[in-house]
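Remarks on the structure that follows.
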There are 2 protein chains.
Amino acid sequence: MERGGSGVPGGRRKQRVSMADVAKLAGVSSQTVSRVSNGHPGVIPATREQVLAAMRELGYRPNSAARALRYGQFNTIGVILFSLSSTGNSRTVEAIATHAAAEGYAITLIPIDVPTQDNVLGAFTRMGELAVDAVIVIMEIHLLDTGTVQLPPGVHVVVVDSDAGDRYSVVDTDQADGARQAVQHLLGLGHRTVWHVTGPQASFSGQRRAQAWRAVLEEAGRPVPPALYGDWSAESGYAAGLVLAETPDCTAVFAANDQMALGLLRAFHEHGLSVPHDVSVVGFDDTPDAAFFVPPLTTVHQDFAEVGHRCVQKVLQQIRSHGSGQPGTDLVPTRLVVRGSSAPPRG
Amino acid sequence: MERGGSGVPGGRRKQRVSMADVAKLAGVSSQTVSRVSNGHPGVIPATREQVLAAMRELGYRPNSAARALRYGQFNTIGVILFSLSSTGNSRTVEAIATHAAAEGYAITLIPIDVPTQDNVLGAFTRMGELAVDAVIVIMEIHLLDTGTVQLPPGVHVVVVDSDAGDRYSVVDTDQADGARQAVQHLLGLGHRTVWHVTGPQASFSGQRRAQAWRAVLEEAGRPVPPALYGDWSAESGYAAGLVLAETPDCTAVFAANDQMALGLLRAFHEHGLSVPHDVSVVGFDDTPDAAFFVPPLTTVHQDFAEVGHRCVQKVLQQIRSHGSGQPGTDLVPTRLVVRGSSAPPRG
DNA sequence: CGCCGTCATGTTTACGTAAACATGCTGTCA
DNA sequence: TGACAGCATGTTTACGTAAACATGACGGCG
C-alpha cells in the first residue's frame, strides 16, 4: 500500500517505474532493459544480471498500456452477457476465463442488466472503445439485428446461444439433440406422450428445446400437448406444475431446465403426486444440485466448460490467423443422465 | 468483419482509424479532433460538425491503449477469484460488473482454478502486468500471507470473504450475525440444541458461521454437539444427513449453505424423516431455488448485490481520493427468511 | 597489418492521445 | 488607428515500449 517515491521527500509523482528508471539505475540504455524484459538474446549475462537486479530493486512492471499501444493489441477478450446468475452462463464464463488465461489473455466482462435494444447497443459501443481484441457474445444475437450496431473492424466475434451461424462463428450446446434424448427417453419408458415446460420465448435455447420436443413427438406419431410457458425460474416451473398436477393424463414432463424441474417436483409433491410413479420429470442442464433433488433428477447434461473452451479456441484462432471468422455453428454434444425422477408410467 | 483500408488495393496495414486520419479528412489538426472527441468547448459548431462527419465516415473509435498511456489509468478493475460456480461468487461478480460499468469502469476477471500458493501468486503477478487500476479479491486472503506476494504500488485492493480487515479494506456479508439468527430461530422454536454442517475448514465464511453457531449455543447454555464437516456441496450435505438421520436426539440442523441443506433434505427424506416435523433444517444464502425445495427452505438471506456494490464504491473511492485504502471491515446485514423447513420439535 | 564480419549495446522513431503552449485572426475601446 | 483581449485552431511534446537502424569494439584471416 506504499505509494510514491520510496520515501524520498518531495519525491516525484512518478507513480510507476518505467524502463528508463531501470536503465538509469543499471547504467544501460532503456533498449537493453527492453531486451532483458522480453527475453531477447544478445545480452551478455553480466549486463542481464545488472538489469534484473535494478528491476527487482525498483519493482519494475511493464506498462501494458504502452505495450498495447506499441503492438496494437491488448491480449484481452471481451465477454458480453445478460446475466451471470444462470448456472450455465457463469460456468461458461468461468471456462472462458480459465482457458483464456492459459493462453495469456485476460477477460473483460460487459454485463447488460436489462436486455433492451439501447443497453445492448450501449454495451457494444463501450466495447468498441474498450481494450479488447475479440468479443464473445453470450446471448440472443437477434437483438442486434437492427443494423445500427457494429463492432469495430478487426474485432473478432464468437457467439453462444444463438442461431446466427450464417453470419457469425457460433458455439453452442446441442440443444436439439439434448431435448431429443430427453423426450425419447420418456417415450422409451412407455409414456404415451410428454408434456413440456418451456424457457422464455425470447430465448434461442428455449426455442430449440421446444422445437425438438415437438419434433420427436410428431415423428413418433404422438399427440402434442400444449406447451406450458416458463421463464427458467423455479417459480415458473412450480406454476406449471400446479396446472399439470390437475391434468389427469399427464404422466411425463420435460422441463427446459433443472430449476423449473425443481418447481415441478415441489408442485407435484404438494399435490400428493409421486415422482416418478405418478409422473416422470426430466430436466435440462444437470446442475450440481440436480442429483440431490427429491427424487434425484433425470436430466440432460450440458458441458459448459467445453463450450467455454471452444469459444476461446475459436476466437484465438481468428485473432491469430487474422481471419475474419468463418460463420458456422459448432455444437457441443450433451448426454442424458438417468436418475430417479423418470420411470415407466403406472399400470 | 471487413478489414483493411476500405477496399483500396494495396491499402496500408493501418487497421485502426486514428485521430490523424480523421483530422486529414476533416481538414483540421488532430488536436481539434481530440477536442471534439472529448467534448471540450472552444470548437465552433461548423468545425465540430465537419469533424463529427469525418469520424462517422471513417468509423473512428478512440484507442484506449493510447488513452490509458496518456492518463496513466485504465478505467478497469481486476477481480481475482477462485471460482464462479458458487452462486454467491457469481452474483457478487455480476453486481461488481454492473456497478463498475455504471461508473465507466470495466471488469477484468482473473480466475484461479486451483487455489495453490503458486497459482495465487501467479494471478497476482499477472495482475501486476495487467491493465488494472484496482483489484477486488474474492477469497481467503490468508493464502497470500507469505509476504512474497505484492501488488504493484498504486493498485488499490478491496477484499471479500476474509478477516484481513486489519490490513485491507474488507467488505463481507455479516456471516456471524446471519448464523446467529439461524441458530436463535431454531432455539426459539423450542429445540434443545442445534447441529451444524460446516463449510470447508479453509473457508473464512464457513469458519465464522461455525463460530457463531457455537457461541449462540454456549451463551444459551445448551450442549454443543460435534460439528459435521462439509465442503459446500449438496453431496457433502447428503453425507452429513445420513449420519444425522441415525442420530436420535437430532431435531434441528443449521447447514452452512443452501446446497448442503438440500443434501440434508434428501438424506432425511430417504430415511423417512419428515422435515420439519421430525427435524428442522435451516440453510444459508437464500439461493433463488431455496423457496422451491421440498419443503421450502428456511434460510439466511445474503445480499450479494449489495456486497458487490459496496466493493465497487470502496475501490472507486480509493482510486479517486488517491488514498491508500483505510483498512477496516464493512459488513452487509443478512436477514432470516422463514419458510417451511423449520418448526417446533415434535411433542 | 588492415579489412571486415560479428556481436553487444546505444539512438531514433513511431504507436495514438491530449495537455501545454503558440499562433493568428476578430473585434473593441482608448 | 493602434494595442490588446478573447477565442478558434495549430504545433510541440510526453506518456512507455520496442522495432529498426546506428555505433563501436574485438577478433580472425588474407
Side-chain angles (χ1 to χ4, degrees), chain A residues 12-52 54-55 58-75 128-133 152-154, chain B residues 12-52 54-55 58-75 128-133 152-154:
Chain A
R12 282 289 149 274
R13 178 64 43 78
K14 202 69 164 275
Q15 287 293 8
R16 188 104 189 191
V17 182
S18 77
M19 283 194 165
D21 302 318
V22 176
K24 190 153 53 168
L25 179 62
V28 300
S29 79
S30 64
Q31 183 56 218
T32 299
V33 177
S34 169
R35 281 190 265 257
V36 171
S37 174
N38 293 47
H40 284 215
V43 180
I44 63 174
T47 310
R48 174 181 307 276
E49 199 40 60
Q50 260 176 51
V51 171
L52 288 173
M55 281 180 172
L58 297 177
Y60 169 77
R61 310 269 178 171
N63 178 320
S64 45
R67 261 189 150 101
L69 178 57
R70 191 85 238 293
Y71 287 129
Q73 61 170 43
F74 305 92
N75 277 15
E129 294 165 6
L130 238 48
V132 152
D133 302 314
Chain B
R12 282 289 149 271
R13 178 62 46 79
K14 200 72 162 274
Q15 287 293 7
R16 187 106 189 189
V17 182
S18 77
M19 282 194 165
D21 302 317
V22 175
K24 190 153 52 170
L25 179 62
V28 299
S29 79
S30 65
Q31 183 56 220
T32 299
V33 176
S34 170
R35 282 189 264 257
V36 171
S37 174
N38 292 50
H40 285 214
V43 180
I44 63 173
T47 310
R48 174 182 306 276
E49 198 41 60
Q50 261 177 50
V51 171
L52 288 173
M55 281 180 172
L58 297 176
Y60 169 77
R61 311 266 179 173
N63 178 318
S64 45
R67 261 187 149 102
L69 177 57
R70 191 87 240 290
Y71 288 129
Q73 61 170 42
F74 305 92
N75 277 15
E129 294 165 7
L130 238 48
V132 153
D133 302 314

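Lettering of chains follows the sequences in order, A, B, ..., and the numbering in each one begins at 1.
Within the 4.5 Å cutoff, the side chain of A:Asn75 has heavy atoms near those of the A:Gln73 side chain. Taking the side chain as every heavy atom from C-beta outward, B:Tyr60 and B:Met19 approach each other to under 4.5 Å. Between B:Val33 and B:Met55, the closest side-chain pair of non-hydrogen atoms falls below 4.5 Å. Contact of the A:Ser64 side chain with the B:Phe74 side chain is registered, since non-hydrogen atoms from C-beta on lie closer than 4.5 Å.
From B:Arg35, atom CZ reaches atom OG1 of B:Thr47 across 10.5 Å, with rounding to the nearest 0.5 Å. Taken to the nearest 0.5 Å, the CZ atom of B:Arg61 stands 12.0 Å off from the OG atom of B:Ser37.
Dashed line: the shortest gap from a side-chain N or O of B:Arg67 to OP1 or OP2 of C:dA18 is under 4.0 Å.
Counting all heavy atoms, side chain and backbone alike, B:Val22 lies closest to B:Val17 at CG2-CG1, 4.1 Å. When all heavy atoms are compared, the tightest approach of A:Gln50 to A:Ala26 is OE1-O, 2.9 Å. Closest non-hydrogen pair, A:Ala65 versus B:Ala68, comes out as CB-CB, 3.7 Å.
Among the nucleotides D:dT11, C:dG16, D:dA18, the one closest to any side-chain atom of B:Gln31 is D:dT11. You'll find that the side chain of B:Met19 is closest to C:dT17, out of C:dG16, C:dT9, C:dT17. Distances from the side chain of B:Tyr71 to the nucleotides C:dC15, C:dT17, C:dA18 place C:dA18 closest. The side chain of A:Ser18 lies closest to D:dG16 when the candidates are C:dT11, C:dA18, D:dG16. Of the candidates D:dT9, D:dC15, D:dT17, the closest approach to any side-chain atom of B:Arg70 belongs to D:dC15. The listed nucleotides are D:dG16, D:dA18, C:dT17; the one nearest the side chain of A:Ala66 is D:dG16.
Axis deviation across the helix from C:dC1-D:dG30 to C:dA30-D:dT1 amounts to 70°, comparing end segments of five pairs, rounded to 10 degrees.
In this structure, CD of B:Gln73 is placed 14 Å from C1' of C:dA18, rounded to the nearest angstrom. If you take CG of B:Asp21 and P of C:dC15, they are 10 Å apart, rounded to a whole angstrom. At whole-Å resolution of the value, CD in A:Gln50 and P in C:dT9 are 9 Å apart. One atom, CD1 of B:Ile44, and another, C1' of D:dC7, lie 10 Å apart when rounded to the nearest Å. Atom pair A:Lys24:NZ and C:dG10:P shows a separation of 15 Å (rounding to whole Å applied). Counting to the nearest Å, the C1' atom of D:dC15 and the CG atom of A:Asn63 are 8 Å from each other. Taking atom CG of residue A:Asn75 and atom C1' of nucleotide D:dT17, one finds them 14 Å apart after rounding to whole Å. As rounded to whole Å, 17 Å separates atom P of D:dA14 from atom CG of A:Leu69.
At a non-hydrogen distance threshold of 4.0 Å, A:Thr32, A:Arg35 from residues 32-39 of chain A come into contact with DNA chain C.
Residue A:Thr47 is classed as a sugar-phosphate contact, given heavy-atom separations below 4.0 Å to backbone atoms only.
Side-chain atoms of B:Asn38 never come within 3.5 Å of backbone atoms of B:His40 as a donor-acceptor pair (strictly under, hydrogens ignored).
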